[in-house]
Amino acid sequence: MSEQGVGGQVAGSGRRAAVVFNPTKIDRGHLEKVVEAAEREAGYEPSLWLETSAEDPGVGMAKQAVSEGCDVVLGVGGDGTIRAVAEGLHGTGVPLGLCPQGTGNLLARNLELTLDNLPESVSTAFAGVAREVDLAVAEWRRADGTREEHAFVVMAGMGLDAQIMSTTDEELKKRVGMLAYVKAGVESLKRNHRMRLQYRLDDDPPRRARVHTVLVGNCGSIGNNVLLMPEAAVDDGVLDVVAVVPEGRFGWVRVAWKVLVDNALFRGRKKKQDDDRELNYQQCRRIEVWLREPEEIELDGDHFGEVMSVAVRVEPKALHVMMPPDWEPPSSDD
């Protein structure tokens, strides 16, 4: 690698990118034109093209790109595609170029990358600079004893959050975007289901709880200026955990106020722990949860079915993401 770094190699350096794309999110012909122009400009060889599928949303494709020696992998699609590609790149040092084409595009939002300019996103993937960010890894056990492990980049959720993701109408989401989650949320709220669980943060003693929702975040924003976890940062080496337990008739109203108003006021400042049980924030490097009954789980908006227990750990700086050429790390005072 030359002194110019990941995104600044000289023309003719023999570098090659891989394009992992979701064909339901973008037309390949249009994408090829944009990619070919950017790879010529950056002096790259023709890219390796890998299409995701329902069976594999991008993990295997990203691993193939690494095995074939690609220098950067473009993830083109929604949050599910980005999560899967990030999982495939986990710990490899091969950077991810974000080309958001979904409804939420949450990692790109949290990194303040462009959301609606494909040529700019592709150019950043080829000619930008790599930023080290944290990756979260969730390992769970299902009721039949089987175990799985998956990475995520934004947020994992159980309870109401996961129920919403499992019941959201995909066709409605294509038509109205984020509003589709509102309909699913109203239906889930009617059930008023609370999870009974035990949890442990790092090496603390286990505790019991009865909650509507548990969220474990690597990032804090869920889009549309909604800051769910005001202290979360994508590269701080810790996980942010919030348990939601609305109390009384107006419990959800108070929760909404805290998320939509209070958290915005604390943006960029240290937030004190909530003393009440309605919206309780914690930070840790590992969280373990044991459930009394099987509960739904989601990662970055993708539904993964029911689990009986789950452990989530943070892996600091385990993923590299391409940023614009003029990006600089924030100072310690920011």
Side-chain angles (χ1 to χ4, degrees), residues 83 87 90-91 133-163 165-166 193-220 222 228-247 251 255 258-259 263 270-300 302-319:
R83 185 210 65 78
E87 179 175 320
H90 176 198
V133 302
D134 301 338
L135 197 67
V137 180
E139 181 182 1
W140 57 68
R141 179 180 61 84
R142 299 194 187 274
D144 62 2
T146 58
R147 295 181 177 274
E148 295 177 25
E149 182 176 284
H150 294 282
F152 63 94
V153 291
V154 180
M155 209 169 290
M158 290 183 292
L160 176 66
D161 172 71
Q163 293 163 22
M165 298 305 173
S166 68
H193 174 66
R194 291 196 182 193
M195 302 181 292
R196 294 179 181 271
L197 54 84
Q198 275 190 306
Y199 71 96
R200 177 166 59 202
L201 304 176
D202 294 328
D203 296 324
D204 292 348
R207 299 180 182 180
R208 296 183 183 274
R210 191 165 175 256
V211 302
H212 274 85
T213 299
V214 174
L215 296 167
V216 182
N218 187 41
C219 301
I222 56 173
L228 185 57
M229 299 175 179
E231 292 183 34
V234 73
D235 54 3
D236 60 359
V238 297
L239 300 168
D240 285 70
V241 180
V242 58
V244 184
V245 193
E247 297 286 352
V255 167
K258 289 177 183 179
V259 171
N263 285 356
K270 188 73 173 176
K271 187 180 189 299
K272 294 181 179 179
Q273 294 286 351
D274 283 308
D275 294 329
D276 61 80
R277 295 176 55 231
E278 288 188 331
L279 202 61
N280 184 265
Y281 290 93
Q282 303 285 339
Q283 288 186 325
C284 61
R285 289 179 173 79
R286 177 182 173 87
I287 177 173
E288 298 171 86
V289 178
W290 300 272
L291 300 151
R292 177 174 292 189
E293 299 176 351
E295 299 288 352
E296 309 275 357
I297 191 169
E298 63 87 8
L299 305 180
D300 290 354
D302 277 354
H303 178 237
F304 280 84
E306 294 183 338
V307 300
M308 287 299 301
S309 66
V310 60
V312 182
R313 68 183 186 275
V314 64
E315 299 206 359
K317 300 181 178 180
L319 180 69

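Being a predicted model, the structure only gives us computed values, none of them experimental.
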Expected output: side-chain [X] to main-chain [Y] donor-acceptor under 3.5 Å:
| X | Y | answer |
| --- | --- | --- |
| R313 | R285 | no |
| R142 | E306 | yes |
| N280 | A243 | no |
| E315 | L135 | no |

Indicate the atoms forming the closest heavy-atom contact of [X] with [Y], along with that distance.
| X | Y | result |
| --- | --- | --- |
| M308 | E293 | SD-C, 3.8 Å |
| A136 | L239 | CB-CD2, 4.0 Å |
| A311 | R286 | CB-NH2, 3.5 Å |
| F152 | V216 | CE1-O, 3.6 Å |

Interatomic spacing from [atom1] in [X] to [atom2] in [Y] - rounded to 0.5 Å:
| X | Y | atom1 | atom2 | answer |
| --- | --- | --- | --- | --- |
| D236 | C219 | CG | SG | 9.5 Å |
| W140 | L299 | CH2 | CG | 4.5 Å |
| E139 | E148 | CD | CD | 10.5 Å |
| S309 | Q198 | OG | CD | 11.5 Å |
| Q283 | L201 | CD | CG | 10.5 Å |
| E298 | M158 | CD | CE | 10.0 Å |

Are any of the side-chain heavy atoms of [X] and [Y] separated by less than 4.5 Å?
| X | Y | value |
| --- | --- | --- |
| L215 | M229 | yes |
| D240 | V242 | no |
| D134 | K317 | yes |
| D302 | H150 | no |
| V137 | H90 | yes |
| N218 | V234 | yes |
| L197 | V214 | yes |

With side-chain contact (heavy atoms from CB on, under 4.5 Å) as the criterion, how do V289 and E295 come out once you've worked through the C-alpha distance, each side chain's angles and the decisive distance to 0.1 Å? CA-CA 11 Å; V289 178; E295 299 288 352; over 6 Å; no
Any residue meeting side-chain hydrogen bond (donor to acceptor under 3.5 Å, both in side chains) with E288, in chain and number order, not counting sequence neighbours: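 side-chain hydrogen bond (donor to acceptor under 3.5 Å, both in side chains) list for E288, sorted by chain: R200.
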For atom CG of D203, decide whether the heavy atoms of other residues, nucleotides or ligands shown that lie under 6.0 angstrom number more than 12.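 Not buried by this count: 12 neighbours or fewer within 6.0 Å.
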